Amino acid sequence: MRELTDHRLRQREYLLRISRAMTEQLDLSGVLGLVITYAVEMLAGTSGLIALYDDDGDELRIRASSHLDRTIWPAFAPLLTLAPHEISRRGVDVLRDVASDTGMPLRQMIALPLTLRETPVGVIYVFRAALNVGFSADDRQVLQDFADQAAIAVSNARLYQSVLREKQRLDATIEQSADGVMIIDGRWRITTFNKAMEQLTGWSREEAIGRPCAEVLGIHNSQGVNICLTDCPLQRRPLQENPIAEGKVTTRDGREIYVQSRYAPQRSPGGQLLGAIANVRDVTAQKREEELQNTLLSVISHELKTPVSIIKGYAGTLLREDVTFSAEQYRDGLAVIEDEADRLARQIRDLLDVSRLAAGGMRLDPREFALAALVDEVVRSFAPQAGERFQFELRFPDDLPPVLADYERIRQVLANLISNAIKYSPEGGTIRIGGWAESERAIVHVADQGIGIAPEEQNQIFNRFYRVDNRLRRETQGSGLGLYLVRAIIEAHGGRVWVESQVGRGARFFFTLPLGHRRLPE
Ligand code: ADP
């Protein structure tokens with residue numbers, strides 16, 4: 001009686017150890033090894049093995065054994081081909097063959113199918129060397145308990161495998177996502193950082209993982225405040241399901257980009273943050289486009305309004321029936337209207353050019369022509385504007401070969417440069433325009449004696465909508481598009497434009513153009 005209780009107690013202890021091992025290690029063969037070792041011991045067997053069906057479910061393979069070396073596993077193959085219902089009838093014969101093959105004293109066998117929710121997953125076998133004691137119903141029950149444990153271990157391992165596969169699939173999806181994906185824990189530390197995120201932020205995942213997200217992806221608002229620190233989207237009250245943050249981010253390599261980050265937080269029932277997934281997108285191009293549209297609109301409304309109101313004012317005055325104007329007054333009024341209409345047309349053309357450029361490049365229609373003649377023509381068109389205050393000095397060598405360029409576009413370049421020379425020389429002065437040939441290209445300059453440009457502004461003035469902030473800027477009309485178009489046109493010709501200047505000492509703009517083929521003397 002006492003012996004039986006001890007036996008039961010030991011069996012409990014083993015089962016407990018097995019279930020502890022199952023929670024501590026997910027390695028299936030380790031747990032199966034324990035199951036078969038204890039089962040053999042409990043049943044006073046000499047050896048035993050566990051075989052599981054392979055993935056197709058039609059062939060048994062040995063996965064663990066007790067007191068049977070791996071090298072002799074193949075000798076047990078005939079046993080494994082027996083269907084469970086054949087074991088009681090043919091098992092003894094087959095076992096005898098195996099015993100003679102292996103030279104092992106295998107005289108008795110008890111086998112029990114392992115089933116998982118009614119599906120057979122394998123068989124557990126225990127062997128004895130002696131024939132004198134048979135396996136009792138009690139032994140069968142003991143083996144059943146171990147078989148149940150083995151089946152649970154198989155179930156756990158399969159669940160673990162499928163979770164692992166699912167996780168690998170998820171990891172691959174995150175890794176290959178075109179959007180930046182970042183996962184953070186409940187303490188705002190980064191735990192996952194995908195490839196797109198590395199490219200977006202310039203941070204490598206090794207550096208980023210473990211750091212606070214506000215450091216790696218500090219999203220700044222237009223006032224330059226890091227909103228991830230002051231107004232974390234995951235902490236905004238009331239709590240939002242999918243908060244969004246948008247703003248500027250300075251990348252690890254110093255680039256400035258504009259991002260939109262969407263968060264999917266995970267919270268405890270009490271609302272505490274457990275973690276979150278952030279989907280981050282670079283929206284710099286869209287943002288620039290938006291800004292351009294806004295600037296275009298404000299420039300259009302601001303800049304185009306002035307000539308229109310001047311034209312309207314003069315036309316209205318000239319139409320008054322209660323006033324008699326002299327022929328000269330009429331002519332002067334109409335001349336102003338014509339000038340303003342020209343200015344309006346130029347500005348509309350500039351704006352159209354800018355949107356065309358934004359939409360993808362500039363089409364050129366190049367032909368050969370003499371620069372000096374074109375400059376002469378453009379200068380003459382500025383005579384009314386230049387008045388008495390300006391003198392023009394043109395210097396082009398007689399043997400300057402023709403340039404190969406788009407005539408109308410170069411006229412636009414010269415007009416913009418000359419118009420600036422006049423606008424930014426409040427005291428008047430001499431405007432010198434000249435050119436020379438140098439290895440297959442012409443270098444042209446337009447120089448004035450005006451207010452000049454500070455060195456730090458000299459690169460900026462070629463940017464779209466950029467105007468130097470000074471008194472003259474407020475007094476002269478301009479959209480900040482002239483030099484941007486000059487550069488676009490010259491670069492479309494494969495040339496270069498630059499400026500040399502000192503504040504108060506005038507400015508000298510240079511540009512290069514390709515020369516046409518020199519004509520051979522006849
Ligand atoms: P806009 O004249 O319409 O402002 P531009 O693109 O032609 O635009 O010129 C950009 C800025 O460069 C001007 O606002 C002005 O501050 C500066 N700039 C251009 N040309 C000259 C010049 N010849 N002398 C001094 N400053 C100039």
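For clarity, every value in this text was computed on a predicted model and none was experimentally measured. Counting starts at 1 for both ligands and their atoms, in listed order. Side chains are part of it too, since the values below use all heavy atoms of this structure and drop only hydrogens, waters and symmetry mates.
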Just heavy atoms, cut-off under 4.0 Å: does K423 contact ligand 1 by side chain, backbone, both, or neither?
side chain

Honestly, for F462 the part within reach of ligand 1 (heavy atoms, under 4.0 Å) is neither

Spacing of N420 atom CG and D448 atom CG [to the nearest 0.5 Å]:
8.5 Å

Return the CZ to CG distance between F325 and L318, rounded to the nearest 0.5 Å.
5.5 Å

Look at ligand 1 and say whether N416 reaches it with a heavy atom at a distance under 4.0 Å.
no

Enumerate the atoms of ligand 1 whose separation from the nearest heavy atom of [X] is less than 4.0 angstrom.
X: G482; value: 5 (P), 6 (O), 7 (O)
X: Y466; value: 10 (C), 11 (C)
X: V468; value: 14 (O), 16 (O)
X: R467; value: 1 (P), 4 (O), 14 (O)
X: L481; value: 6 (O), 8 (O)
X: G480; value: 1 (P), 3 (O), 4 (O), 6 (O), 8 (O)
X: G452; value: 25 (C)

Within the side chain of [X], is there an N or O that forms a donor-acceptor pair under 3.5 Å with the backbone of [Y]?
X: R189; Y: G210; answer: yes
X: T250; Y: G254; answer: no
X: S501; Y: G506; answer: yes
X: S425; Y: G428; answer: no
X: E207; Y: S204; answer: yes

What about I451: any of its N or O atoms under 3.5 Å from an N or O on ligand 1?
no

Is the shortest N/O to N/O distance between F509 and ligand 1 below 3.5 Å?
no

Regarding Y258 and Q286, do their side chains bring together a donor and an acceptor under 3.5 Å, going by distance alone?
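Side chains of Y258 and Q286: no pair found under 3.5 Å.
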
